Amino acid sequence: MRRLPPVLIEDGCSRELLSLIRTILAACKEISFRVGQGALSGVLGSTLDENIQGETQKKLDVLSNQLLKDILLESGYVKAIASEEEDFTVAGNPDAEYIVAFDPLDGSSNTDINSLVGTIFSIMRAPKGSDAADPAIFMQPGHQQVAAGYVLYGPCTTLALTIGKGTRIFTLDKTHGSFMLTQEFAKIPEDTKEFAINASNQRHWQPAMQNYISDLLAGETGPRGKNFNMRWIAAMVGDVHRVLCRGGLFTYPADTKDPNKPFKLRLLYEANPMAMLVEQAGGMAHTGDERILDIDPQEIHQRVSVILGSKNEVETCLGYHK
Ligand code: AHG
Ligand code: MN
Ligand code: MN
């Protein structure tokens, strides 16, 4: 079994990018350890604070953010960072080549029930001559990402990673602390009989998505002529991992529950990195209007509608949106 560094070097990954990825993973190993200790590490439960998006922060959100932020800024490998748990971008080494956007802990509502959580990250190049303190350096479409990945803290800790040459899956060997290559290239099957939605939002969706899902639910006697199965982990990282492993369609579409918040998932550190991983594994990632990776971001914490997964199924779903 092969360790991560030689695999990435063979793919043409630069020393600097490799060092940056290894720095992120060093923080993730620490998060993995704390998550694994559960109540023993005293990190379950909520803080009294909210993030800029009005969400109560879990202790693990704050801890994971601090670990990633400190190790990245100390490393000298990043020009700036953007995080779900930071109101604004944070400047790093002005001479560094890369910037990183991350969701330090995805699926926070799962922390206290010993269920799946993970870290999602997106690496982009800082524009030449740019100012490390200028948040505009993050306003790049997702197709310009140089790398994207997530680390899933489940029964085992797995890393899905792409540097634009396919999506690979690594498993953390906790006996010696290395990520080992356990799946050379993830390939999302083009067809599927599985979908992932938060069905409690269904009545708030737009008609296109309501119609699509009711046709799936109609099963073999409905217009799709086959039965579908449903899964929802409430952590995008867990749902996307299942899609990478065996296909499926995952969507968190627009809803009218809160007129100030029509979308849930964040573009820079959730939708974009997942879209790159999914496309690199042969899948599709769309908003219903456009390819996620083509969106020109307007702000750091911007939210988008997400429909991703098995290519033919995403296309079928998009057919309802035309
Ligand atoms: P986060 O914990 O980083 O705020 O993200 C949670 C997101 C995403 O991971 C998941 O798909 C979705 O929220 C779950 O939403 P519901 O609670 O509506 O199921
Ligand atoms: Mn998240
Ligand atoms: Mn989060």
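Predicted, not measured: the structure shown is a model, and the values here were computed from it. Indexing begins at 1, ligand by ligand and atom by atom, following the structure's order.
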Which atoms of ligand 1 have any heavy atom of [X] under 4.0 Å away?
X: Asp103; value: 3 (O)
X: Leu105; value: 2 (O), 3 (O)
X: Glu270; value: 3 (O), 5 (O)
X: Arg266; value: 1 (P), 3 (O), 4 (O), 5 (O)
X: Met236; value: 8 (C), 9 (O), 10 (C), 11 (O)
X: Leu265; value: 7 (C), 8 (C)

| said: Is there a ring-ring contact (aromatic ring centres under 6.0 Å, His included) between Phe121 and Phe102? Walk through the geometry before answering. | reply: CA-CA 4 Å; Phe121 58 91; Phe102 56 87; 9.0 Å; no
| message | I'd like to know whether CD of Gln206 has more than 12 heavy-atom contacts from other residues, nucleotides or ligands below 6.0 angstrom. | response |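 Open.
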Who gets closest to [atom] by heavy atom: [options]?
atom: atom 16 (P) of ligand 1; options: Asn198, Asp255, Asn201; answer: Asn198
atom: atom 2 (O) of ligand 1; options: Gly118, Gly107, Gly238; answer: Gly107
atom: atom 5 (O) of ligand 1; options: Thr119, Asn110, Asp106; answer: Asp106

| said: Under 2.8 Å from the Mn ion (ligand 3), is there any N, O or S atom belonging to Asp103? | reply: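 So Asp103 counts as coordinating the Mn ion (ligand 3), yes.
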| field | the Mn ion (ligand 3) to nearest N/O/S of Gly107 less than 2.8 Å | value |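 Given the 2.8 Å cut-off, Gly107 does not count as a ligand of the Mn ion (ligand 3).
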| So, Glu84 and the Mn ion (ligand 2): N/O/S under 2.8 Å, yes or no? |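 So Glu84 does not count as coordinating the Mn ion (ligand 2).
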In terms of residue, atom name and distance, what is the protein heavy atom nearest to [atom]?
atom: atom 18 (O) of ligand 1; value: Tyr252 OH, 2.6 Å
atom: atom 17 (O) of ligand 1; value: Lys264 NZ, 3.6 Å
atom: atom 14 (C) of ligand 1; value: Ala234 O, 3.8 Å

| request: For ligand 1, indicate whether the residue Gln53 contacts it via side chain, backbone, both or neither (heavy-atom separation under 4.0 Å). | output: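 No part of Gln53 is near ligand 1 at this cut-off.
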| task | For ligand 1, indicate whether the residue Ser108 contacts it via side chain, backbone, both or neither (heavy-atom separation under 4.0 Å). | result |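 The answer is both.
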| field | Derivation and outcome, salt bridge (charged side-chain N to carboxylate O under 4.0 Å, His left out), residues Glu50 and Lys58 | value | CA-CA 9 Å; Glu50 282 189 352; Lys58 296 278 186 178; over 6 Å; no
| What atom name does the N, O or S atom of Glu270 nearest to the Mn ion (ligand 2) carry? |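 Closest to the Mn ion (ligand 2) among those atoms: OE2.
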| Among the N, O or S atoms of Asp106, the one nearest the Mn ion (ligand 2) |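 The Mn ion (ligand 2) is closest to the Asp106 atom OD1, counting only N, O or S.
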| message | Checking side-chain polar atoms at under 3.5 Å, does Arg266 have a donor or acceptor matched by the opposite partner on Gln53? | response |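 Yes - a donor-acceptor pair under 3.5 Å links their side chains.
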| field | Test salt bridge (charged side-chain N to carboxylate O under 4.0 Å, His left out) applied to Lys264 and Glu270, step by step | value | CA-CA 10 Å; Lys264 170 116 186 194; Glu270 291 176 321; over 6 Å; no
| query | Where do Trp232 and Phe250 land on the ring-ring contact (aromatic ring centres under 6.0 Å, His included) test, with the steps shown first? | reply | CA-CA 9 Å; Trp232 186 249; Phe250 165 91; 5.6 Å; yes
| Cationic N near anionic O, under 4.0 Å, Glu279 to Lys311 |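 Not counted as a salt bridge, because no side-chain N and carboxylate O are separated by less than 4.0 Å.
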| Expected output: side-chain Ser130 to main-chain Ala126 donor-acceptor under 3.5 Å |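 Absent.
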| query | Hey, does the side chain of His301 reach the backbone of Leu268 with a donor-acceptor pair shorter than 3.5 angstrom? | reply |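 Looks like no, no N/O pair under 3.5 Å.
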| query | Between Arg125 and Gln140, does a side-chain hydrogen bond (donor to acceptor under 3.5 Å, both in side chains) hold up when you go through it step by step? | reply | CA-CA 9 Å; Arg125 227 169 237 114; Gln140 306 181 34; over 6 Å; no
| What's the spacing between Thr157 OG1 and Asp173 CG if we round to 0.5 Å? |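 So the OG1 of Thr157 and the CG of Asp173 are separated by 11.0 Å.
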| query | Which distance, rounded to the nearest 0.5 Å, do you find between the NE2 of His286 and the CD1 of Ile295? | reply |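 One finds 9.0 Å between NE2 of His286 and CD1 of Ile295.
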| field | Trp232, any N or O under 3.5 Å of ligand 1 N or O | value |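 Between Trp232 and ligand 1 (N or O atoms, distance only) the closest approach is under 3.5 Å.
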